[in-house]
S.K.: 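I'd like to ask you about the structure that follows.
Read the numbers this way: they start at 1 and go in the same order the structure lists the ligands and their atoms. The structure presented is a predicted model; accordingly, all values stated were derived computationally and were not measured. Computed over heavy atoms, backbone and side chain alike; hydrogens, waters and symmetry mates excluded.
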Amino acid sequence: MACDFLVTGCRGQLGRDLMTLFATEHSVRGIDIQDCDITVAPDIHRAITEIRPRVVLHTAAFTDVDGCESDSENAMRVNAEGAGNVAVACRSVGALMVYYSTDYVFDGNKDRPYTESDRTDPQTVYGQSKLQGERAVRAALDEYIILRIAWVYGRHGRNFVKTIIGLGKKQIETVASGGELPDSLKVVDDQVGNPCWTMEIARQTQAVVLSGLRGLFHATSEGETTWYGLARVVFETLGLDVNIVPCTSDEYVRPATRPKCSTLENDRLKTAGLNVMRPWREALESFLHENGRELLSEG
Ligand SMILES: NC(=O)c1ccc[n+]([C@@H]2O[C@H](COP(=O)([O-])OP(=O)(O)OC[C@H]3O[C@@H](n4cnc5c(N)ncnc54)[C@H](OP(=O)(O)O)[C@@H]3O)[C@@H](O)[C@H]2O)c1
């Protein structure tokens with residue numbers, strides 16, 4: 001049966017919130033890898049031609065940035081070819097495609113936020129594969145929406161905010177049980193970005209889709225911080241007395257080099273009067289107000 005919206009990656013962190021938000025006013029279906037692997041072109045083609053959505057919200061991706069570095073073949077297959085398969089299937093049923101891209105398409109060396117007209121130059125396999133995905137979407141479709149998002153967190157799945165709450169809780173419990181005083185929590189303080197709540201991205205998606213505007217957009221919460229700054233606001237808002245100290249990227253080496261500057265300027269959304277995402281701190285406080293108690297009670 002035809003539906004308004006189809007969400008790929010519907011069990012992922014963004015996919016789940018898109019399903020929740022769009023289901024309030026539209027008919028929505030979701031698929032994930034258990035239902036259909038986007039790298040198998042005939043399978044995703046069959047799924048989309050059977051469901052016949054008006055709009056496909058394509059979140060499915062290989063999102064483990066370090067994992068992409070050690071498995072570049074799979075990164076390209078899922079993030080580039082998979083996105084191309086979805087785009088071709090959208091073309092065959094006349095569906096609008098929304099593709100979620102990333103700040104990692106830039107080199108991260110700029111000292112100001114990146115705009116949509118800045119030159120891309122990804123420094124990681126993940127960034128390269130997502131940029132190839134953008135190109136595959138543009139090549140297959142006349143009409144598309146590409147939303148570049150960054151530093152995503154939400155209620156579901158794995159993300160920095162949930163991880164840091166877990167680590168903070170563990171430190172507090174160790175101290176309370178009289179255990180050995182744990183090391184202070186070191187958090188990187190020389191990378192800047194715009195933290196984005198999945199529910200805000202979902203609302204921004206809705207605003208752009210319904211507006212009729214098409215093309216490439218940067219879509220992040222206003223304002224910037226570092227991972228250390230983000231962790232501090234999380235602990236302050238939840239009233240957790242955690243011993244954290246800032247550290248440099250050099251002290252926390254990862255397989256994929258993280259960009260120093262990840263901030264995006266929503267130039268095109270602002271020009272169109274469609275920039276609906278709240279400043280990062282306000283959005284984070286809402287997220288923690290709604291979900292903090294539950295997150296704290298999780299093991
Ligand atoms: N997370 C971020 O900070 C961030 C930043 C910028 C952009 N983005 C982009 O935003 C989108 C959503 O990110 P997210 O954090 O919500 O991702 P996520 O939680 O990792 O969800 C992605 C979903 O896609 C599924 N998937 C993976 N390979 C697939 C395949 N071959 N066929 C079908 N489904 C497949 C995953 O299943 P499994 O879990 O079983 O693999 C997962 O359910 C992605 O396109 C990502 O690149 C994310």
Side-chain angles (χ1 to χ4, degrees), residues 6-21 30-48 56-68 71 73-87 89 97-106 108 114 120 122 124-134 136-137 145-163 191 193-202 204-205 216-221 227 230 256 258-259 262-264 277 280:
L6 171 68
V7 178
T8 70
C10 68
R11 294 186 187 90
Q13 55 170 346
L14 177 58
R16 288 183 64 163
D17 277 356
L18 285 168
M19 294 285 293
T20 303
L21 182 75
I31 52 173
D32 210 300
I33 192 157
Q34 296 85 346
D35 316 296
C36 172
D37 185 335
I38 58 165
T39 66
V40 184
D43 287 3
I44 186 66
H45 193 269
R46 192 176 318 113
I48 289 182
V56 174
L57 306 175
H58 177 55
T59 77
F62 182 13
T63 57
D64 174 354
V65 174
D66 293 324
C68 285
D71 192 357
E73 210 176 298
N74 198 35
M76 287 298 169
R77 198 163 40 232
V78 178
N79 295 343
E81 287 169 37
N85 293 339
V86 173
M97 179 172 176
V98 180
Y99 173 78
Y100 294 91
S101 189
T102 168
D103 50 302
Y104 279 65
V105 298
F106 296 113
Y114 288 93
T120 53
T124 58
V125 171
Y126 172 72
Q128 286 155 11
S129 67
K130 292 295 293 184
L131 183 61
Q132 289 300 328
E134 285 190 13
V137 170
I145 294 170
I146 295 173
L147 299 178
R148 288 195 187 134
I149 57 178
W151 288 33
V152 177
Y153 66 89
R155 178 68 191 86
H156 311 287
R158 289 179 51 192
N159 57 65
F160 176 85
V161 171
K162 287 174 70 176
T163 302
Q191 297 165 17
N194 318 103
C196 296
W197 180 15
T198 42
M199 200 44 99
E200 295 278 306
I201 299 168
Q204 185 64 72
T205 302
L216 167 71
F217 303 91
H218 287 182
T220 54
S221 268
W227 295 112
L230 174 56
R258 271 34 180 194
S262 262
T263 53
L264 303 181
M277 290 171 72
W280 72 266

S.K.: Got the closest protein heavy atom to atom 7 (C) of ligand 1, with its distance?
M.R.: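 Here the closest protein heavy atom is S101 O, 3.1 Å.
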
S.K.: Would you say the ring centroid of W227 lies under 6.0 angstrom from that of W151?
M.R.: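 Ring centres of W151 and W227 closer than 6.0 Å.
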
S.K.: Would you say atom 38 (P) of ligand 1 has a protein heavy atom nearer than 4.0 Å?
M.R.: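 There is no protein heavy atom less than 4.0 Å from atom 38 (P) of ligand 1.
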
S.K.: For R258, is there an ion pair with D66 - N to carboxylate O distance below 4.0 angstrom?
M.R.: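 Counted as a salt bridge, because a side-chain N and a carboxylate O are separated by less than 4.0 Å.
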
S.K.: Between K130 and D103, is the closest basic N to carboxylate O distance under 4.0 Å?
M.R.: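 Result for this pair is no, no salt bridge flagged.
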
S.K.: To which protein heavy atom is atom 10 (O) of ligand 1 closest, and what is the distance rounded to 0.1 Å?
M.R.: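 Its nearest protein heavy-atom neighbour is I149 CD1, 3.5 Å.
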
S.K.: Provide, to 0.1 Å, the distance between atom 43 (O) of ligand 1 and the closest protein heavy atom, together with that atom's residue and name.
M.R.: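 Ranked first by proximity to atom 43 (O) of ligand 1 is D32 OD2, 2.7 Å.
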
S.K.: Please state which protein non-hydrogen atom is closest to atom 23 (C) of ligand 1 and give its distance, to 0.1 Å?
M.R.: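 Looking only at protein heavy atoms, the one closest to atom 23 (C) of ligand 1 is G9 CA, 3.8 Å.
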
S.K.: Looking only at distances, can you tell me whether any N or O atom of Y126, backbone or side chain, sits closer than 3.5 Å to an N or O atom of ligand 1?
M.R.: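 Between Y126 and ligand 1 (N or O atoms, distance only) the closest approach is under 3.5 Å.
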
S.K.: Before signing off on this row, confirm whether V152 and ligand 1 have an N or O atom pair separated by under 3.5 Å.
M.R.: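 V152 vs ligand 1: N/O contact under 3.5 Å present.
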
S.K.: Would you say I38 and ligand 1 have an N/O pair spaced under 3.5 Å apart?
M.R.: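 For ligand 1, there is an N or O atom that lies under 3.5 Å from one belonging to I38.
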
S.K.: List the closest protein heavy-atom neighbour of atom 12 (C) of ligand 1: residue, atom name, distance to the nearest 0.1 Å.
M.R.: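 Scanning the protein heavy atoms, the shortest distance from atom 12 (C) of ligand 1 goes to T59 O, 3.6 Å.
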
S.K.: Can you check atom 14 (P) of ligand 1: any protein non-hydrogen atom closer than 4.0 Å?
M.R.: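 For atom 14 (P) of ligand 1 the answer is yes, since some protein heavy atom falls inside 4.0 Å.
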
S.K.: I need the nearest protein heavy-atom contact for atom 27 (C) of ligand 1: residue, atom name and distance, please.
M.R.: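 Answer, as residue, atom name and distance: A61 O, 3.2 Å.
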
S.K.: Please confirm whether Q34 comes within less than 3.5 Å of ligand 1 when only nitrogen or oxygen atoms on both sides are compared.
M.R.: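 No, Q34 has no N/O under 3.5 Å of an N/O on ligand 1.
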
S.K.: For ligand 1, find out whether one of its N or O atoms is nearer than 3.5 Å to an N or O atom of L14.
M.R.: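 The answer is yes, given that L14 and ligand 1 share an N or O pair closer than 3.5 Å.
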
S.K.: Answer yes if a protein heavy atom lies under 4.0 Å from atom 41 (O) of ligand 1, otherwise answer no.
M.R.: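 No, there is none.
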
S.K.: Which residue supplies the protein heavy atom nearest to atom 20 (O) of ligand 1, what is that atom called, and how far is it?
M.R.: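 Here the nearest protein heavy atom works out to T63 OG1, 2.7 Å.
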
S.K.: Between Q13 and T59, is there a side-chain heavy-atom distance shorter than 4.5 Å?
M.R.: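 T59 vs Q13: side chains apart.
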
S.K.: In the protein, which heavy atom is nearest to atom 45 (O) of ligand 1, and how far is it?
M.R.: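 Looking only at protein heavy atoms, the one closest to atom 45 (O) of ligand 1 is K130 NZ, 2.8 Å.
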
S.K.: Looking only at N/O atoms, are D37 and ligand 1 under 3.5 Å apart anywhere?
M.R.: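 Yes, D37 has an N/O under 3.5 Å of an N/O on ligand 1.
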
S.K.: Between D64, T39, I33, which one has a non-hydrogen atom sitting closest to atom 35 (C) of ligand 1?
M.R.: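 Minimum heavy-atom distance to atom 35 (C) of ligand 1 goes to I33.
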
S.K.: For ligand 1, note which part of C10 has a heavy atom under 4.0 Å away: side chain, backbone, both or neither.
M.R.: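 For C10, no heavy atom sits under 4.0 Å from ligand 1.
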
